[in-house]
K.L.:
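Questions regarding the structure given below will be posed in turn.
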Amino acid sequence: MKQITTLDRMKAPVMARNWASELMGFLQTQWKAVVVFVPFFWLLVFFLAPFFIILKISLAESLIASPPFSPLFEWAEDGVMSIRIIFDNYSYLWEDELYLNTYLSSLKISTISTVICLLLGYPMAYAIVRSPPTTKNILLMMVILPFWTSFLLRVYAWMGLLADQGLVNDFLIWAGFIETPVRLMYSHFAVYVGIVYTYVPFMILPLYANMEKLDMELHEAAADLGSKPTTTFFTITLPLTWPGIVAGSLLVFIPATGEFVIPDLLGGGNVLMIGRVLFNEFHANHDWPVASAVAIALLILLVVPMMLYQRVQAKETESD
Amino acid sequence: MSSQDEFEDQPWLDPDAVPFISIRGVTKKFGDFVAVDSVDLDIYQGELFCLLGGSGCGKTTLLRMLAGFETPSSGSIFIDGVEMSNVPPYERPVNMMFQSYALFPHMNVEKNVAYGLKRDGVPKEEINLRVAEMLSMVELTDFSQRKPHQLSGGQRQRVALARALIKRPKVLLLDEPLAALDKRLREQTQFELMNIQEKLGVTFVVVTHDQEEAMTLSTRIAVMDAGEFEQIGSPTEIYEYPDSRMVADFIGSINMFEGRVTQNSSDHISVSGSEEDIEFFVDYGMSIKDGNKVWVAVRPEKMRLSKEPPTAKKANQIKGMVQDIGYLGDISIYRIKLASDRVIDVTVPNQIRPKDGKHVAYWEDEVYLDWDAASAIVLTR
């Protein structure tokens, strides 16, 4: 017995070393797989799983219980599993005009906001790229600076600015443009100001990254071949910065469509946006299945056009 | 022989010729830095003119002013008689080939080449015809549907050339046209460029830092340094008769000796070396006073190397010791250490295949160098 234990004791470090070196060997050859798999697994668990839970709830029935919805699978008494799928929540979304109008209103607000962000962000990104290196860093810093403060706090600050007795109205009265305060808060205007203010950095940064790669000599080459500045913009600059425009627009459009805080705080009841409806379904109505259906429908509304676009893009690059 | 025939290849010698490009007192400043310092230059129709110089000498700035990407701080540029100050790049009768080629990455070869014609509103059929013609000239017909990133360096260079020539410009500006190509391709392309220039009769203005390239290509070379022209002349003039140490040093290699003039007459100059024990005898006269400091330059290939002392000759010779031999195949470079400890280069053509590695001289051998009175150059600056 004693002999065996000594032998084991001698063996143990050797085995540990083998195990460690095997792991190192595995990492050395398979590091790409590891690097991809870990974040992928993370996304799978924390993105896909909640999605399926929401999908499941959206197919259930609302109950006054805890949890407040009917189970999807049920074991019948004789050991047979029964599955109950209810599409009522989705048809309800279609039947009640409120939802359709809210979707359309959300899409309209996020589309217009994206266009404004693009019109503001494109020249800004271009100017930043063309400025000297030191100025460039300062300007980029200033674009990122708002992220250092809480998003919520910044929206509250806008409430202060846009209020009847707020800074903007005070200034306009002081300057003599108006005599009585103008209603700025709780309007579409306030929501646009909030969304554009919040999301314009998401437009500028991908555009900046894209334009940084743009070879300014191409503009000279175009001018040399007889192209006026506006023609150069449409034939050279715009096509080459298109990927940046798409990336920036998606980064603005997608979160803006589902935005809740800005329409809730700046728009009040006057601005219909899907984020608010979703929130109300969950909390005020306590109707989790309908709320889940609203969320899933929004997802489909956003993802399907994007997938179509990607397929077109892929085909174009293939034909190159 | 009419005057026109007489000067056909050398229009700059014809007093009646009208220059095609006229640069008058042009200065370009970037802040405090003077890139181009009040230069004057005439370039004639059909010339292949090279601006040659090291980096930062102002050659590219001058070219960019011709293209219209930079405006002169003072002075004026005339192209075909028109003052160019207020003419934007897109209205100038010049086209440029960029060093980086600046091909549009999102367009295929055909569209890159057609770009200039489309901007001018040329009818579609004519565009197609001219593009096809141009692509066949640069031998890229089979690649018309490729994007720039699918081409080799040499092919991209030819697309850039085709794109710059398609509008039949009066002047083609080329910024280091061959710098990005490997040696073999560069040599081949040099001759292609010359053929195209001759065929189309376009005036070429080439910027280069490569003296060999400038020598092969050009009708005339302007050697630039610190924003000014050091010398303007044909390749032979620049090489055989440089008029400053800077030019002599920049073009090819050269052995330079400091000395003082001992005798100066209408048909020769005698110079006595300051550092080395050499008596120079140069077979042309210059207006220099006796006793003045000058430099005598002799190119390595113009020196003869032998192990026997030259007979009955006192001037234009010196003794030295072989320090190093560089065998380059066609020639060998001998590095000769003189009594003054200076090392000079002599090149010897390997006319006969060295048997068993047998060279004219060996390491540590004592050798004699001599040269003809017609081979040395006297420089005063």
Side-chain angles (χ1 to χ4, degrees), chain A residues 118 122 125-127 129-136 206-250 309-320, chain B residues 31 60 63-70 87-109 111-122 127 145-150 156 159-169 171-176:
Chain A
L118 182 63
Y122 197 91
Y126 194 80
V129 167
R130 304 278 318 244
S131 53
T134 43
T135 328
K136 191 190 276 185
L207 276 172
Y208 170 84
N210 172 271
M211 287 173 180
E212 181 101 300
K213 290 181 289 178
L214 194 65
D215 183 0
M216 292 302 165
E217 217 164 49
L218 296 178
H219 294 179
E220 287 182 350
D224 186 66
L225 292 164
S227 172
K228 291 189 180 64
T230 42
T231 320
T232 304
F233 177 78
F234 285 112
T235 55
I236 308 293
T237 320
L238 200 62
L240 288 176
T241 50
W242 188 247
I245 293 174
V246 172
S249 299
L250 288 179
Y309 175 79
Q310 281 220 314
R311 279 188 67 169
V312 173
Q313 276 298 88
K315 261 186 197 163
E316 262 175 33
T317 27
E318 237 169 68
S319 69
D320 277 352
Chain B
T60 303
L63 193 79
R64 289 173 58 80
M65 284 194 279
L66 288 174
F69 302 138
E70 308 283 357
V87 183
Y90 50 86
E91 280 169 10
R92 295 195 180 200
V94 302
N95 282 127
M96 179 149 157
M97 199 183 118
F98 290 79
Q99 183 176 6
S100 69
Y101 307 146
L103 299 178
F104 305 130
H106 58 301
M107 297 180 191
N108 62 23
V109 170
K111 284 187 177 137
N112 260 287
V113 176
Y115 190 86
L117 293 180
K118 263 189 201 151
R119 299 289 84 77
D120 285 2
V122 176
I127 291 181
Q145 300 308 312
R146 295 257 185 112
K147 289 263 176 86
H149 68 91
Q150 295 163 317
R156 268 181 237 164
V159 178
L161 184 65
R163 190 180 69 176
L165 283 171
I166 193 89
K167 291 180 77 176
R168 297 170 188 156
V171 180
L172 184 68
L173 309 170
L174 302 100
D175 187 5
E176 303 273 5

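Chain A is the first sequence line, chain B the second, and so forth, proteins listed ahead of strands; every chain is numbered from 1.
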K.L.:
Is B/Met107 in contact with chain A via its backbone, its side chain, both, or neither, using a 4.5 Å heavy-atom distance?
P.N.:
side chain
K.L.:
Is any side-chain heavy atom of A/Leu225 less than 4.5 Å from a side-chain heavy atom of B/Phe104?
P.N.:
yes
K.L.:
Between B/Asn95 and A/Asp224, what is the shortest heavy-atom contact and its length?
P.N.:
ND2-O, 2.7 Å
K.L.:
Is the closest side-chain donor-acceptor distance between B/Tyr115 and A/Thr235 under 3.5 Å?
P.N.:
yes
K.L.:
How long is the straight-line distance from CG of B/Leu103 back to CD of A/Glu217, given to the nearest 0.5 Å?
P.N.:
10.5 Å
K.L.:
Go through the atoms of A/Leu240 and report whether side chain, backbone, both or neither lie under 4.5 Å from a heavy atom of chain B.
P.N.:
side chain
K.L.:
Can you tell which part of B/Arg163 gets under 4.5 Å to a heavy atom of chain A, answering side chain, backbone, both or neither?
P.N.:
both
K.L.:
Between A/Thr232, A/Leu218, A/Thr231, which has the largest tally of heavy atom pairs under 4.5 Å with chain B?
P.N.:
A/Leu218
K.L.:
Counting only heavy atoms not in A/Glu212 (residues, nucleotides, ligands), do more than 12 fall under 6.0 Å from its CD?
P.N.:
yes
K.L.:
Using modelled atom types only, decide if a donor and an acceptor are shared between the side chain of A/Lys228 and the backbone of B/Tyr90 within a distance under 3.5 Å.
P.N.:
no
K.L.:
Quick check on the interface: out of B/Ala67, B/Pro105, B/Gly68, B/Ala160, who has the most heavy-atom pairs with chain A under 4.5 Å?
P.N.:
B/Pro105
K.L.:
Give a yes or no on this: more than 12 heavy atoms of other residues, nucleotides or ligands lie within 6.0 Å of atom NZ of A/Lys136.
P.N.:
yes
K.L.:
Select, from B/Arg64, B/His106, B/Glu91, the one with the greatest count of heavy-atom pairs under 4.5 Å involving chain A.
P.N.:
B/His106
